[in-house]
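Quick note on labels: first sequence line is chain A, next is B, and so on, each numbered from 1.
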Amino acid sequence: MAYELNVNGKAMTADVEADTPLLWVLRDTLGLVGTKYGCGIAQCGACTVHADGAPIRACVTPVEAIGAAQITTIEGAAGLEVGRRVQQAWSELDVAQCGYCQPGQIMSATALLAENPSPSDADIDAAMAGNICRCATYVRIRAAIKRAAGQEA
Amino acid sequence: MGIISNIAEGFSPSRRAVLAGGGAGGLVLAFSLGGKGVAADTPTALNAYVQIATDGIVTIVSKNPEIGQGIKTSLPMLIAEELDVDWANVRTVQADNDPVAYGRQFAGGSMATPLHWDQLRQVGAAGRAMLLAAAAADWGVEASSLTTEPGVVVHAASGRRAPYGSLAAKAAGLTAPELSSVPLKDASAYRIIGQPIPQVDTAAIVTGQPLFGIDMRLPGMLYAAYAKAPVFGAKVASADLAAAQAVKGVRRAFVVEGGTEFDGLLPGVAVVADSWWAANKGRKALNVQWAEHATSSQSSQGYAGQARSLVEAKAGKSLRSDGDVEAALASSAKTVEADYFYPFLSHATLEPQNCTAHFHDGKMEIWAPTQLPEPGRQIVAKTLGLAPENVIVHMTRSGGGFGRRLMNDYMAEAAWIAKEIGAPVKLVWTREDDMRHDFYRPAGFHHFRGGIDASGNVTAWANHFVTFGEGEATARSAGMAPTEFPARFIDNYRLDVSMMPLGVPTGPLRAPGSNAIAFVVQSFIDELAHAGGIDPVEMRLRLLGDQGLVGDDARSGYDAARMAAVVRLAAEKSGWGGALPARRGKGIAFHYSHLGYFAEVAEVSVADDGAVTVHKVWVAADVGRQIINPLGALNQIEGSVIDGISEMFGEITIKDGQVEQSNFDTFPLLRIDAAPVIETHFIKSDNPPTGLGEPALPPVVPAVTNAIFAATGKRVRSLPLKAGELVAG
Ligand code: FES
Ligand code: FES
């Protein structure tokens with residue numbers, strides 16, 4: 001059936017089965033391929049998007065559960081003041097290796113900083129432990145979050 | 001002699017062929033796109049790698065696949081440096097698979113830097129020489145009287161200046177100079193090489209632009225899922241397709257007979273649908289009976305039992321025998337005997353295998369994340385019965401490679417399905433498909449015997465290696481070189497090998513061979529050090545001795561002096577020898593691979609319940625005189641170190657011929673909360689620069705296990721780490 005969704009501030013319609021995860025609606029139906037598939041079982045965080053500002057795993061969130069929630073994806077991250085800062089820090093430190101996990105990392109980091117503007121190391125570990133980086137860019141992810149938080153030059 | 005291939009298969013078997021062909025087929029500048037008839041605003045192709053637009057924007061082709069190693073940035077940097085342009089004016093594009101223009105295109109063996117360091121600088125310098133020649137002709141002066149500033153040819157005597165954009169069309173019509181004849185810059189003049197330059201795709205990555213194979217979209221594209229037997233290569237006995245075809249959105253389900261080659265098209269059932277979710281739902285609804293298969297009773301337990309029998313029977317075939325190990329052991333002051341094991345591992349690239357294929361106009365066009373496009377093209381041609389020239393392969397960015405995408409099985413599958421369907425198709429594997437149809441890092445068993453004299457010097461070393469293979473043929477990436485350290489460094493040295501048949505695909509995983517061999521060798525060295533009461537750093541320096549280069553030349557030999565230098569540096573930077581609290585310890589290890597010399601110290605603590613935390617790793621590296629891009633170099637080293645630690649916590653096991661793990665819940669990868677601090681130091685030795693994708697990984701594994709011994713007195717001889725074996729008391 002047709003679902004009315006609000007994605008990155010735009011009204012969109014997706015005519016899909018009710019059990020279709022938001023991840024595949026975004027990628028295949030709406031053409032927003034920035035959100036990534038890594039595991040499909042909420043283990044890797046590659047599919048992280050925001051629902052009303054909170055990070056969710058789109059791979060295990062059926063489209064019928066979205067309702068009126070405002071969805072923000074990596075393509076809309078620059079529309080958030082914190083998102084822009086995070087993207088900037090990610091660029092300056094050149095965090096990525098392959099880059100595949102980074103949309104999910106950026107969305108998790110953005111949600112963290114929106115909630116907690118000056119996170120401790122433990123806060124960062126707790127908020128980011130759901131996001132696997134197979135290339136293991138963790139050293140730079142930590143540094144970039146601190147830079148985005150204004151905690152280092 | 002099959003086993004001798006060791007590190008190389010897939011990575012560098014034809015290194016010589018590449019070098020020989022590189023001059024002729026690979027790097028010859030192509031001047032077919034000359035200046036004539038080029039519209040004023042069309043960029044001019046100066047050669048196969050460089051286009052210059054009239055506004056001075058320079059487009060540089062990156063020939064190799066980008067898998068996260070940063071090659072799409074670092075190779076164009078080499079050209080840009082010698083072309084002498086401003087990096088801000090450089091755009092880079094990914095080459096398609098085109099062996100005629102670019103020679104061999106691959107991501108493997110950390111070979112891109114050593115193979116291209118001279119050649120691509122020469123390509124840039126040749127382009128610059130042609131721009132100089134064009135300006136010289138315009139101005140009626142000698143080319144030798146001209147110089148360049150970034151993007152501009154300058155005649156100092158007259159003060160005349162011409163931007164490259166104004167010269168490109170004319171330059172492109174000139175004859176290219178002999179590559180080896182063009183002078184190269186002195187390193188002191190570098191403006192780009194050696195600078196910390198962010199990846200060219202960074203902006204696209206952080207904003208989520210389509211870059212990866214899985215992001216491909218074509219008009220009218222359908223989506224496919226492909227079910228294969230859990231026992232590798234088993235055929236479809238029967239398949240009930242009705243339930244799959246009844247799923248909304250499914251267009252068609254069909255059986256693929258397939259063949260027997262692991263890296264080609266294996267038997268299975270394809271489901272094609274309007275969306276991937278529907279395709280995969282259809283695939284789950286399939287009812288497939290798989291045929292019995294010769295390997296369906298194999299298991300990890302079975303391999304372990306066979307290995308034990310082979311060791312007990314002393315059934316190894318000799319690969320190397322120096323001196324008289326048995327006599328030396330008999331006269332040793334002390335002997336140590338130990339069995340080591342490491343498991344199968346999965347590559348687990350975060351982007352699962354996928355491929356988009358479209359058969360049109362008699363040609364199969366393919367978009368794939370691949371580390372080795374040309375063999376993929378050949379496999380597709382063979383599988384579909386097409387002439388290779390009718391298969392076109394576009395390389396996309398890869399969401400990780402680690403060796404997995406040296407095999408192109410997913411390419412053959414997508415091509416077959418797309419041809420059958422007659423529409424563009426994107427095949428995407430599930431994570432479960434990916435983990436259960438990998439080419440695994442082979443497991444291995446080593447039985448060591450070592451002897452030391454009264455002063456703690458190693459007098460004998462015997463390694464009975466039990467690995468996989470049949471007859472003379474070692475399973476892929478399951479070999480060990482007879483020159484592997486400490487061969488040639490101990491007078492009485494033996495390497496014997498036994499092989500067991502294996503029904504599981506294996507292949508190179510980042511630093512293949514080395515990622516396992518370093519663990520066992522550097523651990524056993526530690527055992528001998530402790531047995532003789534010698535400090536582990538001192539023991540290593542004694543073993544390396546003062547022999548300098550061992551072997552024929554810097555490429556095939558082992559430079560003990562370079563290794564000793566990194567060992568000393570790692571020890572010094574880590575404050576080796578200082579006191580640490582209880583259940584905290586440091587371990588050191590070194591390993592040479594991919595032409596890189598690495599020593600690493602790990603500091604770990606082991607909780608009372610046996611949980612291991614790696615706090616910090618010090619890395620000392622010698623990869624030659626020049627770090628091309630320090631920003632990328634550090635990222636590769638940090639990633640390799642954490643990757644190595646991550647590999648100590650997971651394993652792939654086989655039962656009933658099938659892989660037991662299927663996703664990140666059963667095959668864990670290290671997460672940010674377990675990532676250590678990493679401190680890296682380079683020694684800039686006077687050697688040509690070499691690659692960094694792999695060689696930092698191997699030493700960290702034994703550095704950690706040796707640190708665990710220092711912290712607990714318990715020797716880890718089997719991976720993965722088991723907390724239960726490290727509990728206090
Ligand atoms: S794809 Fe959703 S958490 Fe991995
Ligand atoms: S950058 Fe490759 S998975 Fe994170």
Query - B:R405 bridged to B:E351 by N-O distance under 4.0 Å - result: yes
**Report entry** chain A contact via B:L631 - which portion, at a heavy-atom distance below 4.5 Å
**Finding:** both
Query raised in the report: Has the side chain of B:Q353 got a donor or acceptor atom that lies under 3.5 Å from a matching backbone atom of B:W429?
Result: no
**Report entry** Any donor-acceptor pair under 3.5 Å from B:Q661 side chain to B:F667 backbone
**Finding:** no
Query - Leading residue by heavy atom contact count with chain A [cutoff under 4.5 Å; candidates B:P198, B:P352, B:A203, B:S398] - result: B:P198
Report task. Please flag which part of A:A77 lies under 4.5 Å from any non-hydrogen atom of chain B: side chain, backbone, both or neither. Result -> neither
**Report entry** Option in A:G40, A:A122, A:A78, A:G31 with maximal non-hydrogen atom pairs under 4.5 Å from chain B
**Finding:** A:G31
Query raised in the report: Are B:K248 and B:D274 ion-paired here, with the side-chain N under 4.0 Å from a carboxylate O?
Result: no
Query raised in the report: Checking heavy atoms, do the side chain of B:F212, its backbone, both or neither come under 4.5 Å from chain A?
Result: side chain
Query - chain B interface, residue from A:R142, A:R140, A:Q87 that has the most non-hydrogen pairs under 4.5 Å - result: A:R140
Query raised in the report: Between B:W276, B:Y223, B:F664, B:W277, which shows the greatest number of heavy-atom pairs under 4.5 Å with chain A?
Result: B:W277
Query raised in the report: Who among B:I67, B:D665, B:L669 has the most heavy-atom pairs with chain A under 4.5 Å?
Result: B:D665
Requested in this report: Indicate yes or no for a side-chain donor-acceptor contact from B:N629 to the backbone of B:T73 under 3.5 Å, with no hydrogens or angles considered.
Outcome: no
Query raised in the report: What heavy-atom pair brings A:R27 and B:I214 nearest, and what distance separates the two atoms?
Result: NH2-O, 2.7 Å
Query raised in the report: Just checking, is any N or O donor in the side chain of B:S640 or B:D643 under 3.5 Å from an acceptor N or O on the other one?
Result: no
Requested in this report: Select, from A:C133, A:S91, A:G34, the one with the greatest count of heavy-atom pairs under 4.5 Å involving chain B.
Outcome: A:S91
**Report entry** Among the listed options A:I41, A:T35, A:V25, the residue most often paired with chain B at heavy-atom distances under 4.5 Å
**Finding:** A:I41
Query raised in the report: Which answer fits B:S646, side chain, backbone, both or neither, if we ask what part of it has an atom under 4.5 Å from a heavy atom of chain A?
Result: neither
Just list the side-chain donor-acceptor pairs under 3.5 Å for residues 55-66 of chain A, sequence neighbours left out, or say none.
| unit_1 | atom_1 | unit_2 | atom_2 | d |
| --- | --- | --- | --- | --- |
| A:R57 | NH1 | A:T48 | OG1 | 2.6 |
| A:T61 | OG1 | A:R57 | O | 2.7 |

Query raised in the report: If you count heavy-atom pairs under 4.5 Å between each of B:I645, B:V641, B:D673, B:V677 and chain A, which one has the most?
Result: B:D673
Report summary line: Interface check, chain A: of B:I205, B:L350, B:T349, B:T202, most non-hydrogen pairs under 4.5 Å belong to B:L350
Query raised in the report: Side-chain contact, heavy-atom cut-off 4.5 Å: A:T20 with A:Y3?
Result: no
Query - Interface moiety of A:L93 toward chain B, non-hydrogen atoms closer than 4.5 Å - result: backbone
Report task. Please determine, by modelled atom types, if A:D28 and B:S275 share a side-chain donor-acceptor pair under 3.5 angstrom. Result -> no
Report summary line: Expected contact set for residues 94-115 of chain A against chain B at heavy-atom separation under 4.5 Å reads A:D94, A:V95, A:A96, A:Q97, A:C98, A:G99, A:Y100, A:C101, A:Q102, A:P103, A:I106
Query raised in the report: What part of B:L211 gets closer than 4.5 Å to chain A, counting heavy atoms only: side chain, backbone, both or neither?
Result: neither
Query raised in the report: Checking A:D121 against chain B: side chain, backbone, both or neither under 4.5 Å from a heavy atom?
Result: neither
Query raised in the report: Rounded to the nearest 0.5 Å, how far does CZ of B:R431 lie from OH of A:Y37?
Result: 7.0 Å
Query raised in the report: Under a 4.5 Å heavy-atom cut-off, does chain A meet the side chain of B:P676, its backbone, both or neither?
Result: backbone
Query raised in the report: Are A:T137 and B:N635 linked by a side-chain donor-acceptor pair shorter than 3.5 Å?
Result: no
Requested in this report: Pick one of side chain, backbone, both or neither for B:T207, based on which atoms fall under 4.5 Å of a heavy atom in chain A.
Outcome: both
Query raised in the report: Do the charged groups of B:R404 and B:D434 touch, with an N to O distance under 4.0 Å?
Result: no
Query raised in the report: Can you tell me if A:Y138 uses its side chain to pair, donor with acceptor, with the backbone of B:A674 under 3.5 Å?
Result: no
Query raised in the report: For the residue pair B:A423 and B:L222, what are the closest heavy atoms and their distance?
Result: CB-CD1, 4.2 Å
**Report entry** Any donor-acceptor N/O pair, B:K72 side chain to B:Q69 backbone, under 3.5 Å
**Finding:** no
Report task. Against chain A, work out which of B:E432, B:M435, B:E66, B:R397 has the most heavy-atom pairs shorter than 4.5 Å and name it. Result -> B:R397
Query - Segment of B:Q636 engaging chain A (4.5 angstrom heavy-atom cut-off) - result: both
